[in-house]
**Q** 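Before anything else, here's the structure in question.
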Amino acid sequence: MPRFHCPLPLAPGAVLALPPTAARHVQVLRLQPGDAITLFDGRGGEHAATVTRMGRSDVEVEVGTHDPVEREAARAVHLIVGMPANERMDWLVEKATELGAASIQPVAAARSVLKLAGERAAKRQAHWQAIAVAACEQCGRNRVPTVHPPLPLAEGLRSVAQADGTRLVLSLRPGSRPLRDAAGGDGPVWVLHGPEGGLTAQEEDAAFAAGFAPASLGARVLRAETASVAALAQLVFA
């Protein structure tokens, strides 16, 4: 059944107009009055709903019963990502959402090819958040992970300085513990990794000073987007 994110108050029996993005998707699918859909507002669970009217650019639905089903990972894994360039960051956000990332913090490091600031950064962050919404619609998640505005690496480290949980930086340094062992327990975990070319030695040292411990995904050097996926797979399916 088609699923749509609808960040509006949803209550059984309510009749409402879908937000523009959801309405456009309904029209692309050529749904008709009487067709059943599923709506979720991002706060938990999902609602059955029925299309009641198709306008030229708007769609009206009647909200049905609420199902409190949750499909979240058992462990909250937050990514701090040295932004890869081109479409790779789009791919990373999509796959990280499907795998259950709790949040994604893009950061700019010394070796980052992608540099964002001001209006351009805001537009890109909105684009990535929309990708996360679409991924939730596809995979069945009812809670949309937050894709935070891009920050310089130093600010990204400060943003989680007081956060509860384990903080890890993916590193190839000798002595780095395997990621799953370093993560331990079942509490929240924050995973930092670099962009193309990785973090510099100075940036890794800054992460250690901020309370991050070195962790390893193995001896091979992974692309930035692959590192996120590999880390999530190890932690959410442990």
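One is the number of the first residue; the rest follow in order along the sequence. Because the structure is a prediction, the values reported are computed rather than measured.
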**Q** Work out which heavy atom in R141 is nearest to a heavy atom in T97; give both atom names and the distance.
**A**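 Minimum heavy-atom separation between R141 and T97: NH1-O, 2.9 Å.
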**Q** How far apart are the closest heavy atoms of L235 and A183, and which atoms are they?
**A**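 It is CD2-CB, 3.6 Å.
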**Q** Can you list the steps and then say if R3 with Q138 is a side chain to side chain contact (heavy atoms under 4.5 Å, CB included)?
**A** CA-CA 7 Å; R3 305 178 74 252; Q138 180 273 323; over 6 Å; no
**Q** Would you mind checking if R88 and E225 are paired as a salt bridge, meaning a charged N to carboxylate O distance below 4.0 Å?
**A**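 Salt bridge between E225 and R88, a charged N being under 4.0 Å from a carboxylate O: yes.
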**Q** What about F40 and H47, are their ring centers closer than 6.0 Å?
**A**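 No, the ring of F40 stays outside the 6.0 Å limit from the ring of H47, centre to centre.
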**Q** Could you check whether R30 pairs with D35 (Lys NZ or Arg NE/NH1/NH2 to Asp/Glu carboxylate O, under 4.0 Å)?
**A**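 Salt bridge between R30 and D35, a charged N being under 4.0 Å from a carboxylate O: no.
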**Q** Inspect the contact between R71 and E46 and indicate whether a charged nitrogen and a carboxylate oxygen are less than 4.0 angstrom apart.
**A**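 Judged by the 4.0 Å cut-off on N to carboxylate O distance, E46 and R71 do form a salt bridge.
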**Q** Check this for me: D58, atom CG, are more than 12 non-hydrogen atoms of other residues, nucleotides or ligands nearer than 6.0 Å?
**A**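 Check passes, neighbour count above 12.
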**Q** Taking atom CG of D181 as the centre, does the number of heavy atoms from other residues, nucleotides or ligands within less than 6.0 Å exceed 12?
**A**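 Yes, because the 6.0 Å sphere around CG of D181 holds more than 12 heavy atoms from other groups.
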**Q** My understanding is that only residues two or more places apart in sequence, or in another chain, count here; which of them pass side chain to side chain donor-acceptor pair (under 3.5 Å) with H78?
**A**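 Applying side chain to side chain donor-acceptor pair (under 3.5 Å) to H78 gives S103.
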**Q** Identify, with sequence neighbours excluded, every residue that meets side chain to side chain donor-acceptor pair (under 3.5 Å) alongside H66.
**A**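 Testing H66 for side chain to side chain donor-acceptor pair (under 3.5 Å), a comparison that skips the adjacent residues, returns none.
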**Q** Is it true that R143 and E70 make a salt bridge, defined as a side-chain N closer than 4.0 Å to a carboxylate O?
**A**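 Salt bridge present between R143 and E70.
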**Q** If you take all heavy atoms of Q105 and P149, which pair is closest and at what distance?
**A**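 Scanning both residues, the minimum pair turns out to be NE2-O, 2.8 Å.
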**Q** To check you understand the geometry: which heavy-atom pair defines the closest contact between A182 and L168, and what is its length?
**A**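 Heavy atoms only, the tightest pair is CB-CD2, 3.8 Å.
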**Q** List the atom of A96, the atom of I104, and the distance in Å for their closest heavy-atom pair.
**A**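 Between these two residues, the closest heavy atoms are CB-CD1, 4.0 Å.
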**Q** Flag yes if more than 12 heavy atoms outside R111 fall under 6.0 Å of its CZ atom; otherwise flag no.
**A**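 Result for CZ/R111: enclosed.
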**Q** Distance only, no hydrogens: is a donor on one side chain within 3.5 Å (strictly under) of an acceptor on the other, for E204 and S171?
**A**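 There is such a pair (donor and acceptor under 3.5 Å, judged by atom type) between the side chains of E204 and S171.
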**Q** side-chain contact (heavy atoms from CB on, under 4.5 Å) with C6: which of V61, D41, L18?
**A**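 By the side-chain contact (heavy atoms from CB on, under 4.5 Å) criterion, C6 pairs with just one of V61, D41, L18: L18.
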**Q** Where is the tightest heavy-atom contact between A227 and L170, given as atom of each residue plus distance?
**A**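 Looking at all heavy atoms of both residues, the closest pair is CB-CD1, 4.0 Å.
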